[in-house]
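Structure record follows, encoded as structure tokens.
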2 protein chains.
Amino acid sequence: MARIENLNLSQRVTNELGKAIIAGVYGEGSGLPTEAQLCTEYGISRTAVREAVKMLAAKGLISSRPRQGIRVEPPENWNLYDTSVLGWMFESSPSLLVLKEFLQMRLAIEPQAAALAAKHGSPQAIAQIEVALNAMDNAAQTDGSIHQPDVEFHTAILLASGNRFFYQLRDFISTALNVSFQYTTNAKDSLQTIADEHRKIYQAIKNGEAERAKNMMAYLIDEAMAYIELKIAESELSA
Amino acid sequence: MARIENLNLSQRVTNELGKAIIAGVYGEGSGLPTEAQLCTEYGISRTAVREAVKMLAAKGLISSRPRQGIRVEPPENWNLYDTSVLGWMFESSPSLLVLKEFLQMRLAIEPQAAALAAKHGSPQAIAQIEVALNAMDNAAQTDGSIHQPDVEFHTAILLASGNRFFYQLRDFISTALNVSFQYTTNAKDSLQTIADEHRKIYQAIKNGEAERAKNMMAYLIDEAMAYIELKIAESELSA
DNA sequence: TTAAAAAATATTATATTACAATATGGGCAA
DNA sequence: TTGCCCATATTGTAATATAATATTTTTTAA
């Protein structure tokens, strides 16, 4: 996705409205202002407003009909796997509970992806996993940030699964990881532990041990899940 | 989704172009005709063309920039979880191999969803599963179609999981099931067997047996997977 | 008085035209 | 040859007009 300052007018309006809709600014039923009102509100032409409306409709957030106006669609119709929608969600809602849902998804997807990678992964795809892994090691030893290579590691496994539906979830997983990082400690000695656990997954994939790769990945994500559930319990206690 | 005849102009054009793009009519790099050409080709105004372009851009299929024109995005950027995109895919590509990818996804998602439903499913949500199940039984005994209640059964479990990301995949799963039905035999005696296997899943969920629900669901999908792999082997043999 | 029909109205849908912004490629000058 | 500038093609934005659609109000007739 391009930087915000590079977006054109209708894309910027799409962003604004998308965020507002997901933040619940507009009531679900009747919903948004009319096109005319939006024009004056943003000081732009109807063309730009309509294009923004069309883009949001394509993402399942709204629908518009003559005489009725523009109304917000029920949230279960929102396309949550759209990168923009996902981003807007995290900007608006407290993320611990959403993060748990993310981890449940990761627990479903990633172990299977690892197993498929072990079974069918091409040598190049598996080499790509190793590249990311080595970058993690490097970061762990040189006190650098482990985040970027961590994301690349998981993305590379999705690609190696050979299933385009899994790989399609790379933004989803990246977002989940980015949010996770905000809650995890960065104790220096634990970085190497994390890298080592990732290496076990890699070796299982490389050796074609599907079950082992699957279990190791499940273990890794389960640890994160346990940590988040602890955090949720803490926050509920203090509330 | 509304019927085609009920769609407005820009939505119809979106459909036409979407299908054409996914069918590979336009080369990936340079890509589509200019807006002006599309106008004359379809005999419509630029407004309608631009709205269609914006909707396709929102689904990740294309991008457009001044002077460069409209170009097809690489397929890994297409939003495959968009219902329209999914539909266009199945209209264009031979479905057996795609179906296998679908089943791999289902094998990742649905067992986990069943486990979550067993752990956290609300009584109403679980009752909804039973409604679908009874309809399946009915269909099996009265020689009716088992398809619709089958879809509803799986959808109800996704809903009962309490995870909105799982429930969001209901259209995805439905599409996968619909395609599967085209390949499966409808031997009357096997219908009751299928219904019985579904009932085992339901009972495990109702009793809160997460692991059992998970395993039964995995078994169910694995059977479908084995069948499809057999079909794929057959078609490769004859080719 | 009530119900059906018709008219008024508000809003989105489509069309048309004009101009602005932008990036590509070619030509011109140093 | 290299670098700059300008012509040009294409999308981006704007403004305005008319059509389609569905709601509300009014009118009409039983």
Side-chain angles (χ1 to χ4, degrees), chain A residues 1-18 20-21 26-73 77 84, chain B residues 1-18 20-21 26-73 77 84:
Chain A
M1 181 65 67
R3 294 241 161 60
I4 290 177
E5 55 264 32
N6 292 338
L7 297 179
N8 62 27
L9 191 55
S10 54
Q11 285 169 325
R12 282 203 300 274
V13 175
T14 304
N15 255 292
E16 294 289 319
L17 285 176
I21 290 166
Y26 304 107
E28 186 174 325
S30 60
L32 275 70
T34 67
E35 288 181 359
Q37 286 171 304
L38 290 172
C39 289
T40 57
E41 186 177 328
Y42 285 94
I44 58 177
S45 78
R46 230 185 112 195
T47 309
V49 167
R50 282 187 61 78
E51 287 177 356
V53 167
K54 290 294 173 187
M55 288 198 275
L56 292 171
K59 294 175 190 296
L61 265 57
I62 57 179
S63 66
S64 71
R65 296 171 66 186
R67 171 70 203 180
Q68 286 187 181
I70 306 163
R71 65 164 200 269
V72 179
E73 285 283 301
N77 289 343
S84 323
Chain B
M1 179 67 67
R3 294 243 162 58
I4 291 176
E5 56 262 33
N6 292 338
L7 297 179
N8 62 26
L9 190 55
S10 55
Q11 285 169 325
R12 281 203 301 274
V13 175
T14 303
N15 256 291
E16 294 288 321
L17 286 176
I21 289 166
Y26 304 107
E28 186 173 322
S30 61
L32 275 69
T34 66
E35 289 181 357
Q37 286 171 303
L38 290 172
C39 290
T40 58
E41 187 177 326
Y42 286 95
I44 57 177
S45 78
R46 224 184 121 196
T47 310
V49 167
R50 282 186 62 79
E51 287 177 356
V53 167
K54 289 295 172 187
M55 287 198 276
L56 291 171
K59 295 176 190 299
L61 265 57
I62 59 179
S63 67
S64 70
R65 297 171 65 187
R67 172 72 201 181
Q68 288 188 181
I70 306 163
R71 65 165 201 270
V72 179
E73 285 282 303
N77 288 343
S84 322

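The structure displayed is predicted, hence computed values, not measured ones. Basis for what follows: all heavy atoms, side chains included, without hydrogens, waters or symmetry-related copies. Labels below follow one simple rule: chain letters A, B, ... track the order of the sequence lines, proteins then strands, and each chain is numbered from 1.
Computed from coordinates, the B/I70 CD1 to D/dG12 C1' distance equals 12 Å when rounded to whole Å. Regarding B/R50, its CZ atom lies at a distance of 17 Å from the P atom of C/dA13, rounded to whole Å. If you take CD of B/Q68 and P of C/dG25, they are 10 Å apart, rounded to a whole angstrom. The separation between A/E51 atom CD and C/dA15 atom P is 15 Å, rounded to whole Å. For the pair B/E35 CD and D/dT13 P, the computed distance is 11 Å after rounding to whole Å. Residue B/R46 contributes atom CZ, which lies 14 Å from atom P of C/dA15 at whole-angstrom precision. Between the C1' atom of D/dG12 and the CZ atom of A/R12 lies a distance of 11 Å, rounded to the nearest Å. Atom CD in B/Q11 sits about 15 Å away from atom P in C/dT12, given to the nearest Å.
Formation of a donor-acceptor pair under 3.5 Å by the A/Q37 side chain with backbone atoms of A/T34 is found in this model.
With the nearest nucleotide of DNA chain D identified for both B/T34 and A/P66, B/T34 has the one nearer the 5' end. Place A/S10 and A/R65 on DNA chain D by their nearest nucleotides, and A/S10 ends up nearer the 5' end.
Atom-to-atom distance recorded for A/S45:OG and A/L9:CG is 7.0 Å, nearest 0.5 angstrom. Residue A/C39 holds its SG atom at 7.0 Å from CZ of A/R46, rounded to the nearest 0.5 Å.
For B/S64, taking side-chain heavy atoms from C-beta onward, the closest of the listed nucleotides C/dA13, D/dA14, D/dG12 is D/dG12.
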As a quick check of understanding, evaluate side chain to side chain contact (heavy atoms under 4.5 Å, CB included) for A/R50 and B/R50, giving each step before the final call.
CA-CA 10 Å; A/R50 282 187 61 78; B/R50 282 186 62 79; over 6 Å; no
Yes or no on side chain to side chain contact (heavy atoms under 4.5 Å, CB included) for B/L38 and B/L17, after CA distance, side-chain angles and deciding distance?
CA-CA 10 Å; B/L38 290 172; B/L17 286 176; 4.1 Å; yes
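No hydrogens or angles were tested; on distance alone, nothing pairs the side chain of B/R67 with the base of D/dG12 as donor and acceptor under 3.5 Å.
At the heavy-atom level, A/T47 lies under 4.0 Å from base atoms of the strands shown.
Residue A/S45 has a polar side-chain atom (N or O) positioned under 4.0 Å from OP1 or OP2 of D/dA14.
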